[in-house]
Undergrad: 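Okay, here's the structure, questions in a sec.
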Number of protein chains: 2
Amino acid sequence: MDWFLQHEVGEGKLLVGESLGSKDKGTMAAEAPGPRPLVLGLLLCALSAPVSQGGKLLLIPVDGSHWLSMLGVVKQLHQRGHEVVVIASEASVYIKGAAFYTLKRYPVPFRREDVEATFTSLGRGVFENVPLLRRVIKTYKKVKEDSALLLSACSHLLHNKELMASLAESSFDAVLTDPFLPCGPIVALYLALPAVFFLHALPCSLDFQGTQCPNPPSYVPRALSLNSDHMTFLQRVKNMLIFLSESFLCNVVYSPYEPLASEVLQKDVTVQELMGSASIWLLKGDFVKDYSRPIMPSMVFVGGINCASKNPLSKEFEAYVNASGEHGIVVFSLGSMVSDIPEKKAMEIADALGKIPQTVLWRYTGTPPPNLSKNTILVKWLPQNDLLGHPKARAFITHSGSHGIYEGICNGVPMVMLPLFGDQMDNAKRMETRGAGVTLNVLEMTSADLANALKAVINDKSYKENIMHLSRLHKDRPIEPLDLAVFWVEFVMRHKGAPHLRPAAHDLTWYQYHSLDVIGFLLAVVLGVVFITYKCCAFGCRKCFGKKGRVKKPHKSKAH
Amino acid sequence: MDWFLQHEVGEGKLLVGESLGSKDKGTMAAEAPGPRPLVLGLLLCALSAPVSQGGKLLLIPVDGSHWLSMLGVVKQLHQRGHEVVVIASEASVYIKGAAFYTLKRYPVPFRREDVEATFTSLGRGVFENVPLLRRVIKTYKKVKEDSALLLSACSHLLHNKELMASLAESSFDAVLTDPFLPCGPIVALYLALPAVFFLHALPCSLDFQGTQCPNPPSYVPRALSLNSDHMTFLQRVKNMLIFLSESFLCNVVYSPYEPLASEVLQKDVTVQELMGSASIWLLKGDFVKDYSRPIMPSMVFVGGINCASKNPLSKEFEAYVNASGEHGIVVFSLGSMVSDIPEKKAMEIADALGKIPQTVLWRYTGTPPPNLSKNTILVKWLPQNDLLGHPKARAFITHSGSHGIYEGICNGVPMVMLPLFGDQMDNAKRMETRGAGVTLNVLEMTSADLANALKAVINDKSYKENIMHLSRLHKDRPIEPLDLAVFWVEFVMRHKGAPHLRPAAHDLTWYQYHSLDVIGFLLAVVLGVVFITYKCCAFGCRKCFGKKGRVKKPHKSKAH
C-alpha cells in the first residue's frame, strides 16, 4: 500500500495515543465492577495526554467570519499545550493578535481599509434593488475584483522568501487552514506538511472533488439551488444544470491559483490536486441541518462547534432580558459582515419589530431608524449564543449563516431567516423544510411580512417543537464537536497525516474512476463475440444451406 | 421533510441526552480554568445516564461466530440497565442462556445436531482437495441446503403466532440484529420497531444497496475478488464482472425471503427494502484494515470492538507462556467453526511447527498428529485475545476471520494467514498488502512453506513494525468502538430510529438515482434545439440563397 510504504511511523512530539496501550485500557475496563462508563477509554486517553509537551501547528486562516469560527479550536489547541502560529496579511480586518497564538504578519500592497471596503460593499450590495441582469454583472465584477485582491495577498505570502524560509525552519507538525482560498493548501504542500482543512463547504462542489466523495445530483442538492433532498423532476433538471455548470462558474476565483501554485511548487498543479491534499476535512455541518448523503472517511463533521462556548450574560444584557417580562426577547443579527442597512429597509424592519410584545435586541451600527419602537434596543454587538441560550429567547432573526443557524439549533430557538448571500439561502431552505423557521426575502418583504413571520414562529407551537426536536438530535452525540476537531488535528500531528483514509480514487483518471475503459473493453469483447459468432453462423449456413441450395438447384433444373 | 413529519419526538424510556441541556455543559466548560478535558461533555452525559431506568431491546442474532462477536455489546447494554431479550431457535448451537439477557426459544422441525453438522461440514469441506468445478457444484449445493434450513427456521419464527404476539406486546424500544440472514429485519418491520444492524459485511454488496452507499468498482474491491484498492486494468475488469454478477449469485440465499416477508408484512417487499430498513449499521470494520471508500452517515465503524475485553491469563496458560522463555509463543487457531482438520494436513502443520523455537499454542480438538513436537501444545480452547496481548506473543496463525484479524491488529502481532472461506481471503489480502503478515493456501502449502512463513513474520522486523504501525493507527480513536456501538443502539432507542440519517436516495427509482431521466430529457432538449436550429437555418438558406440562385440563373441566361 502506497500510504503505508510512503509514511513512516509517526514519531512526532505528540505520542498521546501511544503512551496508553489497549492492554492498560482493557484491564481497567475488565476490572470495573459496575457498568463500564461509556467514556472510560477516552477519559484515560485525555487524562494521560501530555498537555505541556505540545506540538507546533501552522494556521493559515481566511479573514472574515471564516476566521471567527476557527477561534474556538485555536483556543482549545493552545490550552492543550500546542504552539499555534497564525499567518495573516497586514491588511487583515478580523485577524488580530491574541494571547493564545503567535501572529505573524506579512506585507501586502493594499491597506486594511481596502479589505474593509470589500466586506462593507458585500453587505451593502445585498440591499441594492437592481434588475437581475445588472445584479449578475455587478456580482461577477465584484467577485473578480475581490478575488484579485485575495490572490495578490496569497502571492505576496508565497513570494515572501524570508517568511517562507522561517516557516520551513520552524518544523511544524501540521497545517490547519480554511481552503475557501487555496493559499493554505499551497503553503502546506510547499512545506511538505500534512494539512487539516476547516470549513463549512466549498463552492462548486470543490469539497466533493477534493475528497473524491460521490455527489449524485439526483438527491444531493447543489449549492445555491434552493432544492431540498426530495426534488421534483424539474428541480432535478435544475440541479443537474447547476452541476454541469459548476466547473465554469468557479474558474474566475480558483483557476488563477493554478499558475501560482505551479510556480511555487515547481510542478503542474490543479485546483483539484490542491483541494485533494488534505489529510482530514473538519466540516462545520451535520445531518440535522444538512441532508443525508454519501461522505468519505476523511470527513469529520463538527457542526455546532461554536455552540459549546457559553458565558454568563453581562449586567447590561441581563438587565434587558429581565426587563422583557413574560414575553421574553427576540435576538436579531445579520452576522459579522452586515451591521448597517439602508434607512428605508431599516424603517420597515423597525416598524415590524414594534408590532410584537417581545423585547428585540438588534445588532445595528447604522443611524437608528426614526420610527424605532420602545421594545427595540439597538446594540453595536451582542453575545448571540449566550442570549439564544437564555430561557426567555423566543425567536432569532438571522441572516442564516451556518454559524448562526447552529446557534439557533443547539439553543432550540425558532428562526425568522433573512438570507443575504452565499450558502445562506440553502441554510434557510433546510431549516424551513424542517419546520423550524420562516424564510423571507429581505428585499421584497414588507413590514407586515416580518411581523407576521415573527408572530408565527413565536406563537405557533409547531416551530418551537420542531426546533427542539432538531436540538435534541443535534446534541445527542457520542463526542462534542470541539473535542472531535481537536482530536483529529492532533491525530494528524501525531501520525504526520492520515494516509489510510485517503481513497485510491485519487490515483485514477476520470474515465478510470467511472470504469469507462473497462465498460468499453467489455462492450468490445461482447460485440466481438457476437460478431464472430454471427460470422461463424453465417459462414456455416452458407457452407451447409448454400451448398444444398446450389446442389438442389441444378438437381431441380436437371429434373425439369 | 418526511423523516421529520413522520417521526414524533422520542419520548422513550431513555432520555439521557435530554436530561442534560447544552447550557449546563457549556457553562461548565466555560468555567473550567485549565485546558478543557477532551471528553467533558461526553463524561457529563455518561455520568448522568440513568443506568437503572433502561429500555427494552429485542435481539435477533445469527448463530455461529456472528453471535459470539455480538456478546460484548449485549453485556454492555445489560450493564447499562437495559433489558435484552434474545430470540433463538431450539436448535441453536452457540446461542445459550446467560445471566445478562433473557433467552426466548422457538421450536423448529430440525435438531441442534443438524445445525452442528452444517457447521462441521463447512469446516471439513475446506480441506477436501477436489477439482474446481466439483468444488463449485458442491459449494452451491451446500449453500442451497444450509440456506433452506435457515429459511425454515425464520419461517417457523414468523409463523409462531404466540411468540410474535408476545413480542408485539412487550413494547420494545428497538431491534438489534445481524442482517446476514434477513429474519431480524422482517421481525423489526412486523413489529414496526427501528432496527440497528450489527455485522461485518454482507455478500453481493447487499450492505451497499441497503445503505444506498455508492460503491465504485474502479477502486472498491468486490468481496472474494482478492483485489486491493489499487487495481491493474485486468483486475478492474474482474472487479466489474463480479459486480455485474453479484445480483445473480445471491439469489439462491436471499430471494426466498421476499415471498416470506411479503406474506408476513402483507405487502410486496424486496430484499433491498429489507436491508434498507435499518436506522443504524454497526459495521465491524475500520479504515486501518479496510480500504478508504465512500460511506454513509448511518454507518458506524466499530472494528476491533471485541479487542477491549481482556482478562488475566489462567494459571494453565500463564504457565505455558512463562515456560516459553526468550523465544515466546505463537498462537494458532482456525476460528470457532474449524477445530479439527484431516490427519495428513495436521501432520504437515505439526511438522512445520516443530521447526521453530517458539512454543505454539494450537486450538485443536481432533486426534493429536503423531509427529507433534514438544514445542506444540494442543488445547481445546484458548483465550486468543489475552494470549495475543501478552508481550511474549511472537506470531498468530489465523484463518483471518475479521474477529481474529482485529485481535492481531490491536495487539500488534504479525500474522500467518490460512484463509478458509467467505471474506477470509479478502481480509488476508488486506493484511498482506499492508506488510503485516503472510498468506498461505492451506490446501497447497507444504510444511516448509508454513515454517518459512512463520520464521519470516517472527524474524523479519518489517512485519512487526508494520503491524505495530497499524495497531497505533487503529487504537488512536476519539471513542472506543464498544462505547460507540452502545451509544448508537441507545440513540435509536431514545429517538425511535435515526430518520435524519436516511438518504433520500431510498425514495428514488434506479433510473432516477442515476439521473437517467434527466439526462434523457436534457439530451432530447439539446437535440431538439439543434434540429430546430438546423431546420430554421436550412429554411432560411433555401429562402435566401435559393431565391438568389434562382434569380441569378435567369440573369445569367439573359445576359448570354
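Lettering of chains follows the sequences in order, A, B, ..., and the numbering in each one begins at 1.
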Undergrad: Give the C-alpha distance, both sets of side-chain angles, the deciding distance and a yes or no for side-chain contact (heavy atoms from CB on, under 4.5 Å) between B/Leu482 and B/Val302.
TA: CA-CA 7 Å; B/Leu482 182 57; B/Val302 294; over 6 Å; no
Undergrad: Let me see the working for B/Gln235 and B/Asn239 under side-chain contact (heavy atoms from CB on, under 4.5 Å), right down to the final yes or no.
TA: CA-CA 6 Å; B/Gln235 284 173 330; B/Asn239 217 42; over 6 Å; no
Undergrad: Given A/Asn411, which partner from the list A/Lys475, A/Lys310, A/His390, A/Met468 fulfils the side chain to side chain contact (heavy atoms under 4.5 Å, CB included) test?
TA: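 The residue from A/Lys475, A/Lys310, A/His390, A/Met468 that satisfies side chain to side chain contact (heavy atoms under 4.5 Å, CB included) with A/Asn411 turns out to be A/Lys310.
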Undergrad: Give the member of B/Ser515, B/Pro503, B/Pro297, B/Cys213 that has the highest number of heavy-atom pairs under 4.5 Å with chain A.
TA: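 Among B/Ser515, B/Pro503, B/Pro297, B/Cys213, the one with the most close pairs to chain A is B/Pro297.
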Undergrad: In plain terms, say whether B/Asp286 and B/Arg477 are close enough for a salt bridge, that is, a side-chain N and a carboxylate O under 4.0 Å apart.
TA: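 Here B/Asp286 does not pair with B/Arg477 in a salt bridge, since their nearest N and O are not under 4.0 Å apart.
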Undergrad: Highest number of heavy-atom pairs under 4.5 Å with chain A: which of B/Pro217, B/Ala498, B/Ser292, B/Ala505?
TA: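 Option with the greatest count: B/Ser292.
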Undergrad: Is it true that the NZ or CZ of B/Arg494 lies under 6.0 Å from the centre of B/Phe487's six-membered ring and within 45 degrees of the ring axis?
TA: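 Judged by the rule (NZ or CZ under 6.0 Å from the ring centre, within 45° of its axis), B/Arg494 counts as positioned above B/Phe487.
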Undergrad: Quick one: what part of A/Leu501 sits under 4.5 Å from any heavy atom of chain B, side chain, backbone, both or neither?
TA: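 For A/Leu501, heavy atoms of backbone and side chain both lie under 4.5 Å from chain B.
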Undergrad: Which one of B/Phe233, B/Phe301, B/Phe521, B/Trp488 has the most heavy-atom pairs closer than 4.5 Å to chain A?
TA: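 If we count pairs closer than 4.5 Å to chain A, B/Phe233 comes out on top.
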Undergrad: Is A/Met240 close to chain B through its backbone or its side chain, or both, or neither, when contacts mean heavy atoms under 4.5 Å?
TA: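 The side chain, not the backbone.
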Undergrad: Please flag which part of A/Pro214 lies under 4.5 Å from any non-hydrogen atom of chain B: side chain, backbone, both or neither.
TA: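 For A/Pro214, side-chain heavy atoms alone lie under 4.5 Å from chain B.
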Undergrad: Is A/Arg293 in contact with chain B via its backbone, its side chain, both, or neither, using a 4.5 Å heavy-atom distance?
TA: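 It is the backbone, since no side chain atom gets that close.
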Undergrad: Select one option (side chain, backbone, both, neither) describing which atoms of A/Pro216 are under 4.5 Å from chain B's heavy atoms.
TA: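 Looking at A/Pro216, just its side chain touches chain B.
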Undergrad: Tell me, out of B/Met231, B/His514, B/Lys75, B/Arg236, who's got the most heavy-atom pairs with chain A below 4.5 Å.
TA: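 Sorted descending by pairs with chain A, the first entry is B/Arg236.
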Undergrad: Between A/Leu508 and chain B, which part of the residue has a heavy atom less than 4.5 Å away: side chain, backbone, both or neither?
TA: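 Contact with chain B is through the side chain of A/Leu508 alone.
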